[in-house]
Amino acid sequence: MKVLYLLPFYSALIAARSTLQRQELDVQIPTIWIAGDSTAAPGGGGNGTEGWGQYLQYSFLPSVAHVQNNAFAGRSARTFTREGRFDNITAGLKEGDWVIIEFGHNDGGTPPVNATVGDTGREDCPGAGMFSPILEAPSYETDEYTGNQTCTTVFKRSDADYTSNVTEIVQTFPTYLKNATEIFLSKGAKVILSSMTPTNPWEFGNYSYTPTIFPYYTWLAASELGGPSAGVYFVSHGAYAAQAMKNLGKTVVDANYPLDHTHTAPYLADVVAASFVLGVKCGTSGLQGLVSNATSRLEGQVLGTCLGVNATLPI
Ligand SMILES: *[C@@H]1O[C@H](CO)[C@@H](O)[C@H](O)[C@H]1NC(C)=O
Ligand SMILES: *[C@@H]1O[C@H](CO)[C@@H](O)[C@H](O)[C@H]1NC(C)=O
Ligand SMILES: *[C@@H]1O[C@H](CO)[C@@H](O)[C@H](O)[C@H]1NC(C)=O
Ligand SMILES: *[C@@H]1O[C@H](CO)[C@@H](O)[C@H](O)[C@H]1NC(C)=O
Ligand SMILES: *[C@@H]1O[C@H](CO)[C@@H](O)[C@H](O)[C@H]1NC(C)=O
Ligand SMILES: *[C@@H]1O[C@H](CO)[C@@H](O)[C@H](O)[C@H]1NC(C)=O
Ligand SMILES: *[C@@H]1O[C@H](CO)[C@@H](O)[C@H](O)[C@H]1NC(C)=O
Ligand SMILES: *[C@@H]1O[C@H](CO)[C@@H](O)[C@H](O)[C@H]1NC(C)=O
Ligand SMILES: *[C@@H]1O[C@H](CO)[C@@H](O)[C@H](O)[C@H]1NC(C)=O
């Protein structure tokens, strides 16, 4: 399987720099990396909003774990791959680290097939995918649902740049997640595949949380990689965040989506971070052992309680 695009030259330079930065930190302390979009990123979606990843650090004592938020606004699993942002994490990764991967808000749509215009560069190939760089032989049925799909398109960096047309074989969402996860696992890290945050569940009057396909695909990728026994965990972050927003009520939640239905004000971003922590504490990953907060202190009127295993299945 060939991917006909070039990683930016500078990714090697960034990699060298971040390795140096890592070596300055205590090698005994695990780093918890976050790969994601604006809903997790520093500065959120701008205009005073904030990403939940900025608040995760407060649930870990500085002597126990360090949080490195590499989420970046506007990114999808595809863009994060193409721009070398997973590589940037790989460059700084050490054995015992954790990587949280959470995408979906920017992954929707379909790249126009063989078109030289119309590809935004971030929509994934639709479908469940199945490309695996380590498990080379496909071990899945090749029906329309589980077979690997790719889309060939021409990605143009900008209207002004007519020399940048690059033919790109676009992978599906689960394929990008699995590809990055397998690289992180090979470095001795463990990975949490986390489902995307909800859009404002009070947007249409009454509370309503209907996950998109991406939470399911996130669960599917974790499951196909072997799940907990392989060091890959699924956190139903979307469901936990939605539960907290249900408890907070329409007035508070509406007020904390000041820009649009996607980007949270700092208060709600903090709650969304806490809902991730509750999801971790209610799950099976070893990351829960690093959290400084007791489950009993997290559960309550805002965050709610642990969701049943079946209740967390996104679809
Ligand atoms: C790469 O990772 C380092 C941390 O290791 C971070 O400071 C830097 O901003 C990242 N660069 C990009 C382009 O993501
Ligand atoms: C966001 O901030 C920018 C710059 O201050 C402003 O131009 C824009 O109108 C704002 N957008 C919204 C939706 O408030
Ligand atoms: C896209 O281009 C490839 C290679 O030229 C060709 O095999 C394929 O049939 C094309 N697909 C469509 C939908 O035009
Ligand atoms: C699916 O992916 C595998 C592994 O990369 C590859 O060998 C196979 O040709 C792919 N199948 C299709 C139908 O693209
Ligand atoms: C790039 O694509 C545009 C159409 O968007 C086309 O007009 C232009 O000739 C292409 N440039 C190259 C170098 O292929
Ligand atoms: C897998 O990840 C590596 C490292 O980020 C990247 O270079 C490669 O293109 C990815 N493969 C696919 C099929 O996306
Ligand atoms: C919201 O729920 C209340 C009580 O269940 C109901 O009376 C009302 O019609 C609902 N409103 C909307 C917009 O669905
Ligand atoms: C965990 O505890 C710390 C300090 O006791 C606090 O700052 C943080 O907000 C707590 N995290 C959650 C998710 O409640
Ligand atoms: C999940 O649901 C299935 C089917 O209803 C049931 O057999 C199973 O025991 C449930 N698992 C848990 C952990 O509740």
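Here the options are Asn70, Ile101, Ile183, Asn179, the test is side chain to side chain contact (heavy atoms under 4.5 Å, CB included), and the partner is Phe86; only Ile101 passes. For the pairing with His105, the side-chain hydrogen bond (donor to acceptor under 3.5 Å, both in side chains) check across Thr262, Thr197, Thr212 returns one residue only, Thr197.
The closest side-chain donor-acceptor pair between His263 and Ser38 falls under 3.5 angstrom. Counted by atom type alone, Gln54 and Asn69 present one or more donor-acceptor pairs between their side chains at under 3.5 Å.
Scanning all heavy atoms of the two residues, the minimum distance from Tyr176 to Ala77 falls at CB-CB, 3.7 Å. Between Thr79 and Gly74, the closest heavy-atom pair is OG1-O, 4.5 Å. Of all non-hydrogen atoms in Val67 and Gly53, the two that sit nearest each other are CG1-O, 4.3 Å.
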**Item:** Step-by-step side chain to side chain donor-acceptor pair (under 3.5 Å) determination, Asn47 to Thr49
**Value:** CA-CA 6 Å; Asn47 292 47; Thr49 63; over 6 Å; no

**Item:** Tyr257 vs Met245, side chain to side chain contact (heavy atoms under 4.5 Å, CB included): CA-CA, chis, key distance, verdict
**Value:** CA-CA 11 Å; Tyr257 278 102; Met245 290 182 200; 3.2 Å; yes

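Remark: aromatic rings of Phe103 and Phe214 are distant, center separation not under 6.0 Å. If you look at Tyr233 and Trp98, their ring centroids are closer than 6.0 Å.
With sequence neighbours excluded, the residues forming a ring-ring contact (aromatic ring centres under 6.0 Å, His included) with Tyr207 are Trp202, listed by chain and number. Partners of Glu123 by side-chain contact (heavy atoms from CB on, under 4.5 Å), not counting sequence neighbours, listed by chain and number: Arg78, Pro111, Pro112, Asp119, Thr120. Listed by chain and residue number, His261 satisfy the side-chain hydrogen bond (donor to acceptor under 3.5 Å, both in side chains) test with Glu203 (two or more places apart in sequence, or in another chain). Residues passing the side-chain contact (heavy atoms from CB on, under 4.5 Å) test with Leu185, sequence neighbours excluded: Thr181, Val191, Val232.
Gln243 has its side chain out of reach of Ser275: every pair of non-hydrogen atoms, C-beta onward, lies at least 4.5 Å apart. Taking the side chain as every heavy atom from C-beta outward, Ile192 and Val99 never approach each other to under 4.5 Å.
Within a 6.0 Å sphere centred on NZ of Lys250, heavy atoms belonging to other residues, nucleotides or ligands number more than 12. For Lys190, the NZ atom is loosely surrounded, since the number of other residues' heavy atoms within 6.0 Å does not exceed 12.
Electrostatic pairing of Lys178 and Glu224 counts as a salt bridge here, judged by a charged N lying under 4.0 Å from a carboxylate O.
Val271 and Tyr58 fall into different hydrophobic clusters, where Ile, Leu, Val, Met, Phe, Trp and Tyr side chains are chained together by heavy-atom contacts under 4.5 Å.
The backbone N or O of Gly121 sits less than 3.5 Å from a side-chain atom of Arg82, completing a donor-acceptor pair.
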Side-chain atoms of residues 289-307: list all donor-acceptor pairs with protein atoms under 3.5 Å, sequence neighbours left out, distances to 0.1 Å.
residue : atom : partner : partner atom : Å
Ser292  : OG   : Ser59   : O            : 3.1
Glu299  : OE2  : Cys306  : N            : 3.1

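One distance of note links OG1 of Thr218 with CZ of Phe173; it measures 4.0 Å at 0.5 Å rounding.
Residue pairs meeting the disulfide bond (SG atoms under 2.5 Å apart) criterion with at least one member in residues 171-225, sequence neighbours excluded, do not occur.
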